[in-house]
**Student:** 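Mind having a look at this structure? Questions to follow.
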Protein chains: 2
Amino acid sequence: MALRHAVLAALLDGEYSGYQLAKIFDVSCSNFWYAVPQQLYAELTKLERAGLITGRQVIQHDRPNKRLFTVTPAGLAELAAFAAVPSKPSSTREDLLVMVQAVDRLDPAPVIAQLEERAVIAAAKVELFDRMLRQLRGDLTEETFLHESNRVGPYLTCLRGRRFEQENREWCVQVAALLRARAPVSR
Amino acid sequence: MALRHAVLAALLDGEYSGYQLAKIFDVSCSNFWYAVPQQLYAELTKLERAGLITGRQVIQHDRPNKRLFTVTPAGLAELAAFAAVPSKPSSTREDLLVMVQAVDRLDPAPVIAQLEERAVIAAAKVELFDRMLRQLRGDLTEETFLHESNRVGPYLTCLRGRRFEQENREWCVQVAALLRARAPVSR
DNA sequence: GAACCATACTCAATGATATGACTATCCCTG
DNA sequence: CAGGGATAGTCATATCATTGAGTATGGTTC
């Protein structure tokens with residue numbers, strides 16, 4: 001019962017098709033909610049049946065038709081009810097950390113390689129978030145934007161994503177360097 | 001196929017019963033892998049049937065008997081194989097972030113309350129990690145421990161958990177303060 | 001002595017997630 | 001004109017995770 005709310009929150013910014021939502025969930029929303037397209041299409045169907053969103057068909061000639069969805073007043077109420085009940089901290093699940101936990105009893109080389117690769121990915125995500133943040137705030141400084149814009153939610157979640165990836169990168173770099181120093185390996 | 005490896009990694013530190021593992025997964029391992037006791041018992045059964053761990057019964061007189069599990073060579077090989085294949089970044093899922101994403105269209109009061117509560121929880125976790133880190137390294141400095149100990153995996157994952165919670169706390173505090181400043185509310 | 005907590009675990013039902021395969025159209029490139 | 005990529009979805013299934021209830025024993029507390 002939770003992807004539901006993530007989809008409703010994403011649809012607050014405007015009308016989107018399942019396909020567009022899938023892209024949004026692949027970049028910005030993936031900070032706080034991961035979902036593959038199949039899940040989104042299924043959830044959109046359920047949400048529409050529940051009356052929390054409405055879809056309208058858009059005929060296109062240069063590409064397949066699509067359905068655009070909007071949040072209904074009932075959907076907004078559902079989101080409000082969701083925000084009112086205390087939430088539990090997220091359940092983390094990270095394979096790379098499992099490997100590091102076990103690294104003393106394994107060959108460290110592949111773990112080091114993965115840490116270094118992950119550091120690069122995290123650095124790329126930091127830059128992606130920076131671009132998104134700049135785009136969201138336009139000409140305004142962050143200070144001004146945060147105090148005066150009427151749509152700060154996406155900016156704040158991006159800030160969180162940026163912080164997380166920055167932290168992640170630093171940790172990966174440090175751990176990779178340490179493991180290299182402890183057990184020098186050729187590659 | 002992933003709780004499997006988290007359990008194997010946790011069992012590298014010694015013999016544990018399902019009940020003990022449940023406690024470990026409730027505190028230290030919950031950094032990187034969350035699981036409720038029922039999942040652990042089920043997974044232990046599967047792991048034993050697959051020959052990746054072995055259990056031995058321990059008769060107790062002051063409390064119910066228990067079964068202690070150890071990783072077999074096959075289990076270690078399974079872990080090594082797991083560490084060798086590149087892993088995908090984790091799939092984050094955080095209700096609180098969904099609420100912040102939508103906060104512009106909702107009553108901010110309950111969201112602010114949850115952010116402030118979460119900041120307190122995160123601060124407590126930082127302290128818990130600090131205690132765990134001190135306990136793991138004993139008298140040694142972190143520097144010395146990291147370079148000379150033969151069991152740094154759990155320490156490194158704890159460091160990551162500490163970083164994450166610290167970052168989380170700061171973000172929660174800042175966002176709560178900002179939302180309060182934007183829309184002054186009585187409570 | 002009743003209530004409650006800690007240890008130690010099991011079962012069942014539902015709900016969520018992950019994975020892979022599939023359809024269909026249009027555009028662009030070589 | 002063949003192939004690949006982008007758009008826009010659908011279907012099926014198997015595994016995973018979550019929730020709630022239940023069993024049993026012993027120790028501690030009020």
Side-chain angles (χ1 to χ4, degrees), chain A residues 1-8 15-27 29-30 32-50 53 55-69 82 85 87-95 98, chain B residues 1-8 15-27 29-30 32-50 53 55-69 82 85 87-95 98:
Chain A
M1 294 296 224
L3 171 59
R4 149 162 306 199
H5 301 112
V7 170
L8 286 172
E15 283 188 319
Y16 293 115
S17 67
Y19 191 81
Q20 287 173 294
L21 261 186
K23 291 182 136 187
I24 292 169
F25 268 78
D26 200 43
V27 287
C29 281
S30 61
F32 56 86
W33 211 274
Y34 171 83
V36 291
Q38 295 95 315
Q39 280 177 271
L40 295 171
Y41 286 115
E43 196 62 44
L44 286 169
T45 305
K46 282 193 230 163
L47 281 166
E48 193 180 21
R49 269 209 285 270
I53 60 174
R56 65 183 184 94
Q57 182 99 15
V58 173
I59 311 290
Q60 299 185 118
H61 299 292
D62 54 339
R63 56 191 60 174
N65 297 335
K66 63 182 173 183
R67 301 197 65 210
L68 294 180
F69 296 94
F82 164 70
V85 302
S87 62
K88 283 183 294 190
S90 71
S91 41
T92 314
R93 254 144 207 170
E94 181 92 60
D95 282 346
V98 174
Chain B
M1 294 299 223
L3 172 58
R4 150 162 307 198
H5 301 113
V7 169
L8 287 172
E15 283 187 319
Y16 294 114
S17 65
Y19 191 81
Q20 287 173 294
L21 262 186
K23 291 182 137 188
I24 291 169
F25 268 77
D26 200 43
V27 287
C29 282
S30 60
F32 56 86
W33 210 275
Y34 171 83
V36 292
Q38 294 96 313
Q39 277 177 273
L40 295 171
Y41 285 116
E43 197 62 45
L44 285 169
T45 305
K46 282 193 231 164
L47 281 165
E48 193 179 23
R49 269 209 284 271
I53 60 174
R56 65 182 183 92
Q57 181 101 14
V58 174
I59 310 291
Q60 300 186 117
H61 300 292
D62 54 341
R63 58 190 60 175
N65 297 335
K66 63 182 173 182
R67 302 197 64 209
L68 295 180
F69 296 94
F82 163 71
V85 302
S87 62
K88 283 180 296 189
S90 71
S91 42
T92 313
R93 254 144 207 170
E94 181 92 61
D95 281 346
V98 175

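Side chains are part of it too, since the values below use all heavy atoms of this structure and drop only hydrogens, waters and symmetry mates. Letters A, B, ... mirror the listed sequences (proteins, then strands); counts begin at 1.
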**Student:** Whole Å only: how far is the CG atom of B:Asn65 from the P atom of C:dT10?
**Tutor:** 12 Å
**Student:** Check whether any side-chain N or O of A:Gln60 sits under 4.0 Å from OP1 or OP2 of D:dA8, and answer yes or no.
**Tutor:** yes
**Student:** Quick one: which protein N/O atoms are closer than 3.5 Å to N/O atoms of nucleotides 3-6 of chain C? Pair and distance per line, please.
**Tutor:**
none

**Student:** Tell me the interatomic distance from B:Phe25, atom CZ, to D:dT18, atom C1', rounded to whole angstroms.
**Tutor:** 16 Å
**Student:** Any side-chain N or O of A:Ser17 below 4.0 angstrom from OP1/OP2 of D:dT7?
**Tutor:** no
**Student:** Run the ring pair (Phe, Tyr, Trp, His ring centres under 6.0 Å) test against A:Phe82 and tell me which residues pass, sequence neighbours left out.
**Tutor:** A:His5
**Student:** Between the protein and nucleotides 12-16 of chain D, are there any N/O to N/O pairs under 3.5 Å, and if so, what are the atom names and distances?
**Tutor:**
unit_1	atom_1	unit_2	atom_2	d
D:dC16	OP1	B:Met1	N	2.6

**Student:** Does A:Tyr19 reach the main-chain N or O of A:Pro37 with its side chain, forming a donor-acceptor pair under 3.5 Å?
**Tutor:** no
**Student:** Are OP1 or OP2 of C:dC9 and a side-chain N or O of B:Tyr41 less than 4.0 angstrom apart?
**Tutor:** yes
**Student:** Would B:Phe25 and B:Leu3 count as a side chain to side chain contact (heavy atoms under 4.5 Å, CB included) if you check the C-alpha gap in whole Å, the side-chain angles of each, and the deciding distance to 0.1 Å?
**Tutor:** CA-CA 11 Å; B:Phe25 268 77; B:Leu3 172 58; 4.2 Å; yes
**Student:** Over how many whole Å does the gap from A:Lys88 atom NZ to D:dT18 atom P extend?
**Tutor:** 8 Å
**Student:** For B:Arg67, check side chain to side chain contact (heavy atoms under 4.5 Å, CB included) against everything at least two apart and list the hits.
**Tutor:** B:Glu48, B:Gln57, B:Phe69
**Student:** Write down the distance between NE2 (A:His61) and C1' (C:dA24), rounded to a whole number of angstrom.
**Tutor:** 17 Å
**Student:** Of the non-hydrogen atoms in B:Asn65 and B:Ile59, which two are nearest, and what is the gap between them?
**Tutor:** OD1-CA, 3.3 Å
**Student:** Mapping B:Leu68 and A:Tyr34 onto DNA chain C by nearest heavy atom, which one lands closer to the 5' end?
**Tutor:** B:Leu68
**Student:** Using the test salt bridge (Lys or Arg N to Asp or Glu O under 4.0 Å), find all partners of B:Arg4 that sit at least two apart in sequence or belong to another chain.
**Tutor:** B:Glu43
**Student:** Rounded to the nearest angstrom, tell me the gap between atom CG in A:Asp62 and atom C1' in D:dA8.
**Tutor:** 12 Å
**Student:** Would you mind reading off the distance between B:Ile59 atom CD1 and D:dA24 atom P, rounded to a whole angstrom?
**Tutor:** 18 Å
**Student:** D:dG27, D:dA8, C:dT17: which one has an atom nearest the side-chain heavy atoms of A:Trp33?
**Tutor:** C:dT17
**Student:** Give a yes or no answer on whether the side chain of A:Arg93 reaches the backbone of B:Tyr34 with a donor-acceptor pair at less than 3.5 Å.
**Tutor:** yes
**Student:** Side-chain N or O of A:Lys66 versus OP1/OP2 of D:dA6: is the shortest distance under 4.0 Å?
**Tutor:** no
**Student:** Rounding to an integer number of Å, can you tell me how far A:Arg63 CZ sits from C:dT23 C1'?
**Tutor:** 18 Å
**Student:** What distance separates A:Leu21 CG from A:Lys23 NZ, expressed to the nearest 0.5 Å?
**Tutor:** 12.0 Å
**Student:** Listed by chain and number, what are the salt bridge (Lys or Arg N to Asp or Glu O under 4.0 Å) partners of B:Arg56, not counting sequence neighbours?
**Tutor:** B:Glu15
**Student:** Let me know the distance between OH of A:Tyr16 and P of D:dG9, rounded to the nearest Å.
**Tutor:** 15 Å
